[in-house]
Protein chains: 2
Amino acid sequence: MATDEVGSMQMNGRGARRTRAVILETALRIASLEGIEGLTIGELAKAVGMSKSGLFAHFRGKDNLQLSVLQMAVDRFVDAVLRPSFRQPRGEPRLRAMLKNWVEHLNDQSRLPGGSVLISASIELDDRPGVLRDFVQKAQKDLIRNIEKAARIAVEEGHFRDDLDAELFAWSTYSFVLGYHHFKRMLEDPKAESHVRRSFKGILEMARAKECAARQDGMKAKKNGFSKTAVKKASAKKVGG
Amino acid sequence: MATDEVGSMQMNGRGARRTRAVILETALRIASLEGIEGLTIGELAKAVGMSKSGLFAHFRGKDNLQLSVLQMAVDRFVDAVLRPSFRQPRGEPRLRAMLKNWVEHLNDQSRLPGGSVLISASIELDDRPGVLRDFVQKAQKDLIRNIEKAARIAVEEGHFRDDLDAELFAWSTYSFVLGYHHFKRMLEDPKAESHVRRSFKGILEMARAKECAARQDGMKAKKNGFSKTAVKKASAKKVGG
DNA sequence: TTTATAATAGCACGATCGTTCGTTCTATTA
DNA sequence: TAATAGAACGAACGATCGTGCTATTATAAA
């Protein structure tokens with residue numbers, strides 16, 4: 001496949017770090033397509049243009065390679081989704097930014113041609129105890145706690161109702177993300193993005209409402225995200241907008 | 001490592017079908033744990049107590065074995081979730097039965113020790129074109145269309161509001177199922193089942209409401225599934241009620 | 001009891017897996 | 001210029017993968 005990414009040129013000193021970065025970059029792309037367990041040293045070496053053994057020397061074993069790839073996936077996620085959102089005002093704006101960045105991150109075909117490595121790793125590893133599973137589990141728990149915290153801040157700020165169950169809010173949010181990933185990739189549903197945006201809109205309204213989502217917003221009930229007539233508007237409007 | 005499921009006893013004629021059934025039973029269990037791609041003929045043969053080649057002869061190739069396993073998973077799902085629900089009255093009761101059966105089916109550890117084969121297969125196969133992917137995709141689309149149809153019937157029967165977007169309803173439902181699967185298995189969240197039941201309750205109320213879910217039901221807003229104070233009641237009440 | 005057939009076992013194949021080893025090449029340092 | 005350390009290579013290891021071929025066994029039909 002794509003040979004000569006490193007080529008035959010020799011590297012030394014700081015060049016080793018560069019090589020490692022190139023390897024991980026390619027590894028992340030392959031893991032996105034084949035899964036973290038489907039990532040193979042031979043295939044990776046071929047894709048990166050070096051020998052198996054030369055590549056292997058950069059990591060002390062396959063576990064280490066996989067762990068490095070997962071760590072890179074987490075870093076990418078934090079950089080693309082979480083960090084930018086923390087530059088937004090506390091509360092609902094920050095939460096909306098997170099959701100917006102999240103969808104856009106999942107849409108980034110150039111970096112994740114085969115979908116999120118962390119989501120697929122979750123399913124591959126959920127029955128395989130070990131370092132990898134622990135890592136992914138911790139990463140996901142941290143993420144969910146981030147959503148929860150953002151929701152709680154939105155309550156503090158008065159954006160959300162004060163009896164909001166932040167845990168359930170985070171749970172629903174993450175479920176919708178999984179749904180988006182699944183409907184888009186496996187089911188190839190062209191409406192997937194519209195659906196996830198409308199779902200986000202729905203739980204945001206629900207969280208905002210003191211009594212009734214539709215009324216609080218001055219909207220009619222049929223616009224609360226579950227009606228057919230709201231489709232046109234919803235698909236045009238961005239979640240984070 | 002459970003040897004001697006077939007043992008050394010020889011089988012004949014109709015016994016062959018029986019052997020095939022035993023093989024598939026074991027294969028389904030392994031595929032639940034290791035994934036449909038992680039299912040290996042050698043491991044399966046050992047688990048079932050026969051030789052690789054002897055087992056192999058029952059299927060003309062690994063594709064065929066995998067396909068048979070997936071077909072069995074679909075049949076099981078239909079038997080456990082869909083078929084019983086069609087014995088319920090049209091509309092919302094039938095829909096509630098589907099959701100209830102679905103959760104209970106996912107909880108069936110004896111049959112699915114490693115979670116749903118179809119869900120994990122979705123992620124394994126979403127980038128691997130071929131017969132297997134086509135099969136899983138079709139199975140899932142059929143299922144989702146079943147939910148949609150049940151929702152539309154509930155509209156016809158007057159249980160749900162007439163402007164309900166059945167597609168989005170089915171989308172949300174399936175997303176919550178994925179969320180449940182994920183939170184329960186990977187994140188080991190003890191509240192996963194409570195969350196999925198409350199989420200189902202929420203979208204059912206949303207779908208039922210003509211104007212505002214909380215009002216229509218004569219309930220206060222803080223009981224619409226997103227408030228902390230509703231937790232105790234919700235966890236005690238079953239989805240299918 | 002003999003015969004035909006279906007079911008299983010035994011064995012070996014080519015490929016690929018992760019991993020190890022010794023070697024070569026290069027750049028830096030003494 | 002000589003010595004050293006780092007990076008990559010090629011070859012090979014034992015295992016296991018899916019898959020054929022052939023022989024053996026057990027059952028069903030004669």
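Just so it is clear, the model here is predicted, and its values are computed rather than measured.
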Starting at atom CZ of A/F56, determine the distance to atom P of D/dA11, rounded to an integer number of angstrom.
19 Å
Return no unless some side-chain N or O of B/H58 is found under 4.0 Å from OP1 or OP2 of C/dT8.
yes
Closer than 4.0 Å, any side-chain N/O of B/T19 to the OP1 or OP2 of C/dT8?
yes
May I have the distance from B/K46 (atom NZ) to D/dA15 (atom P), rounded to whole angstrom?
12 Å
Round to the nearest Å and state the distance from B/M50 atom CE to D/dT25 atom C1'.
13 Å
Figure out the NZ/P separation between A/K62 and C/dT16, and round it to whole Å.
15 Å
Have a look at A/A57 and say if it touches a base, only the backbone sugar-phosphate, or nothing, with a 4.0 Å heavy-atom cut-off.
nothing
Length of the CG-C1' vector between B/L44 and D/dT19, whole Å:
15 Å
Would you kindly check whether a donor in the side chain of B/S51 faces an acceptor in the base of C/dG10, or vice versa, at under 3.5 angstrom?
no
Answer with yes or no whether A/K52 presents, from its side chain, a donor or acceptor under 3.5 Å of a partner atom in the base of D/dG10.
no
Tell me whether A/E34 is salt-bridged to A/R29, with the criterion being a basic N under 4.0 Å from an acidic carboxylate O.
no
Side chain proximity check, A/K52 to A/K46, heavy atoms < 4.5 angstrom
no
Any side-chain donor near an acceptor of the partner, A/Y180 and A/D189, under 3.5 Å:
no
Which whole-number value in Å describes the distance from B/R18 CZ to C/dA6 C1'?
19 Å
Do the two ring centres, one from B/H195 and one from B/F183, sit under 6.0 Å apart?
no
I'd like to know if A/D127 pairs up with B/R185 as an ion pair, taking the criterion as any Lys NZ or Arg NE/NH1/NH2 lying under 4.0 Å from an Asp or Glu carboxylate oxygen.
yes
Taking CZ from A/F59 and C1' from D/dA7, how many angstroms apart are they, rounded to a whole number?
13 Å
Under 4.0 Å, heavy atom to any atom of DNA chain D: which of residues 33-43 of chain B qualify?
B/L39, B/T40, B/I41, B/G42
What is the distance from CG of B/L65 to C1' of D/dT19, rounded to the nearest Å?
13 Å
Does B/E188 pair with B/K184 as a salt bridge, N-O distance under 4.0 Å?
no
Taking only Lys NZ, Arg NE, NH1 and NH2, and the carboxylate oxygens of Asp or Glu, determine whether B/E193 and B/R197 approach each other closer than 4.0 Å.
yes
